[in-house]
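Okay, so here's the structure we're looking at.
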Amino acid sequence: MLSEPRSGRLAAWGNALLAGLISPDDAVLAAVGEDAVHRVTGLPGEEGPVGLTLALGRLRALGVTGLRVALPAPGHPLGLSGPPAFNARALEAGEAVVCQGAALGLVPEVSEAGPAGDVHVEVLWACLAVREAPPADVPSLGEAERELAEALREATTVLSRLDVAASGPAAEAAVDAYRARAERGREPLAPGYPPRAVRVLELAQRVALLVSVAHENGHGGAVSASEMAARTEALRPVERTARRAQVAAYNAYVEERERRAR
């Protein structure tokens, strides 16, 4: 089901820290979320893994002024700029953080430990060299918002045409979880982000939720292999639009800062 990318949390709250809007403790607490611990390995000047607080401080010292998000998928290197070795690691993870101001990027490796019912999640971010170039296929916030409005209509039409049920226990659980998270007052983005970025991210998550429900809520009326393939093919551009919009929202802090510097 829909989940917030760890790269999004790290970039958003790392940007707020770099801007001096929050304390290191608050930034790390928000970035780690419900995971047990995050560490970073491969940082220049460090021999082994270090905690996230030290890592963010070291990145600042190395000249990092902002953090971008990449959410690549097969055939769609969204937010990446190379080199191939970094792109391959990011594609395998499905996400990455790319530093602005230093040719570095971070790719998460997630592991679980502990007995059933008491599993804790640990994340090890690998710090790797990246190519300093414009990220691939990232739209502006305005473009993302327009695309999302169309994608939301398209998703509804596709689900109706293919008779994919938007009800049932799985769908209801997904919607309830989404609403509960919103009602708890969870901040979708960190301080310093423009209101439009918050609006785009929330809409992107709604669209992604529809796609997730469609994929996970059984086969609906698509009972043949060809009909199931048609459903997947029809929803692919909708999912792509939602990912593009999420990246645009998370990257809005860096984009806005660059625009003001021109």
Side-chain angles (χ1 to χ4, degrees), residues 1-15 31-44 46 48-52 55-56 58-59 64 66-100 102-114 119-139 201 204-205 207-209 211-212 215-216 229 232-233 235-251 254:
M1 281 300 173
L2 177 68
S3 61
E4 185 179 25
R6 290 179 172 86
S7 56
R9 293 204 308 265
L10 178 57
W13 294 93
N15 282 330
V32 172
E34 296 181 358
D35 297 333
V37 65
H38 284 213
R39 295 176 296 162
V40 180
T41 186
L43 269 174
E46 297 291 341
V50 299
L52 201 52
L56 289 170
R58 178 54 58 89
L59 289 174
V64 173
L67 302 172
R68 297 178 184 267
V69 169
L71 296 177
H76 188 205
L78 175 62
L80 299 176
S81 58
F86 181 80
N87 285 6
R89 290 282 294 271
L91 179 59
E92 182 179 1
E95 59 179 313
V97 172
V98 179
C99 299
Q100 183 79 4
L104 298 170
L106 303 168
V107 180
E109 180 180 334
V110 181
S111 60
E112 296 182 349
V119 174
H120 66 272
V121 176
E122 298 183 358
V123 180
L124 183 64
W125 294 88
C127 184
L128 305 166
V130 300
R131 181 181 298 139
E132 293 185 290
D137 198 36
V138 178
L201 181 59
Q205 290 175 336
V207 173
L209 177 62
V211 174
S212 179
H215 283 306
E216 297 185 24
T232 299
E233 186 64 26
L235 287 172
R236 184 172 291 118
V238 180
E239 185 273 339
R240 183 187 182 106
T241 297
R243 281 190 299 108
R244 275 167 46 87
Q246 288 186 70
V247 171
Y250 285 122
N251 292 359
V254 174

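In this text, all values refer to a predicted model and were calculated from it rather than measured experimentally.
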If you define the side chain from C-beta out and look only at heavy atoms, does anything of [X] sit under 4.5 Å from [Y]?
X      : Y      : result
Glu34  : Val121 : no
Trp125 : His38  : yes
Leu59  : Leu43  : yes
Leu52  : Val32  : yes

Value rounded to 0.5 Å, distance of [atom1] in [X] from [atom2] in [Y]:
X      : Y      : atom1 : atom2 : value
Gln246 : Glu95  : CD    : CD    : 10.0 Å
Glu4   : Leu201 : CD    : CG    : 7.5 Å
Thr241 : Leu235 : OG1   : CG    : 11.5 Å

Closest heavy-atom pair and its distance - [X], [Y]:
X      : Y      : result
Leu67  : Cys99  : CD2-SG, 3.9 Å
Val50  : Ala55  : CG2-CB, 4.0 Å
Cys127 : Leu104 : SG-CD2, 4.0 Å
Leu124 : Pro49  : CD1-CB, 4.2 Å

The criterion is salt bridge (charged side-chain N to carboxylate O under 4.0 Å, His left out); which residues satisfy it with Glu46, sequence neighbours excluded?
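Only Arg58 meet the salt bridge (charged side-chain N to carboxylate O under 4.0 Å, His left out) criterion with Glu46.
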Going by the rule side chain to side chain donor-acceptor pair (under 3.5 Å), which residues pair with [X] if we only count those two or more places apart in sequence or in a different chain?
X      : answer
Asn251 : none
Arg68  : Gln100, Glu255, Glu258
Glu92  : none

Donor-acceptor list for residues 72-91 side chains, cut-off 3.5 Å, not counting sequence neighbours:
| from | atom 1 | to | atom 2 | distance (Å) |
| --- | --- | --- | --- | --- |
| His76 | ND1 | Arg243 | NH1 | 3.4 |
| His76 | ND1 | Arg243 | NH2 | 2.8 |
| His76 | NE2 | Asp137 | OD2 | 2.6 |
| Ser81 | OG | Arg131 | O | 2.8 |
| Asn87 | OD1 | Gly82 | N | 3.2 |

Leu71 and Ser7: side-chain contact (heavy atoms from CB on, under 4.5 Å), yes or no, with the steps?
CA-CA 8 Å; Leu71 296 177; Ser7 56; 3.8 Å; yes
Can you pull the side chain to side chain donor-acceptor pair (under 3.5 Å) pairs that have at least one residue in residues 104-113, sequence neighbours excluded?
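Qualifying pairs: none.
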So Arg6 and Val110, side-chain contact (heavy atoms from CB on, under 4.5 Å) or not? Walk me through it.
CA-CA 10 Å; Arg6 290 179 172 86; Val110 181; 3.8 Å; yes
Assess whether side-chain contact (heavy atoms from CB on, under 4.5 Å) is satisfied between Leu106 and Val40, documenting all intermediate values.
CA-CA 8 Å; Leu106 303 168; Val40 180; 4.0 Å; yes
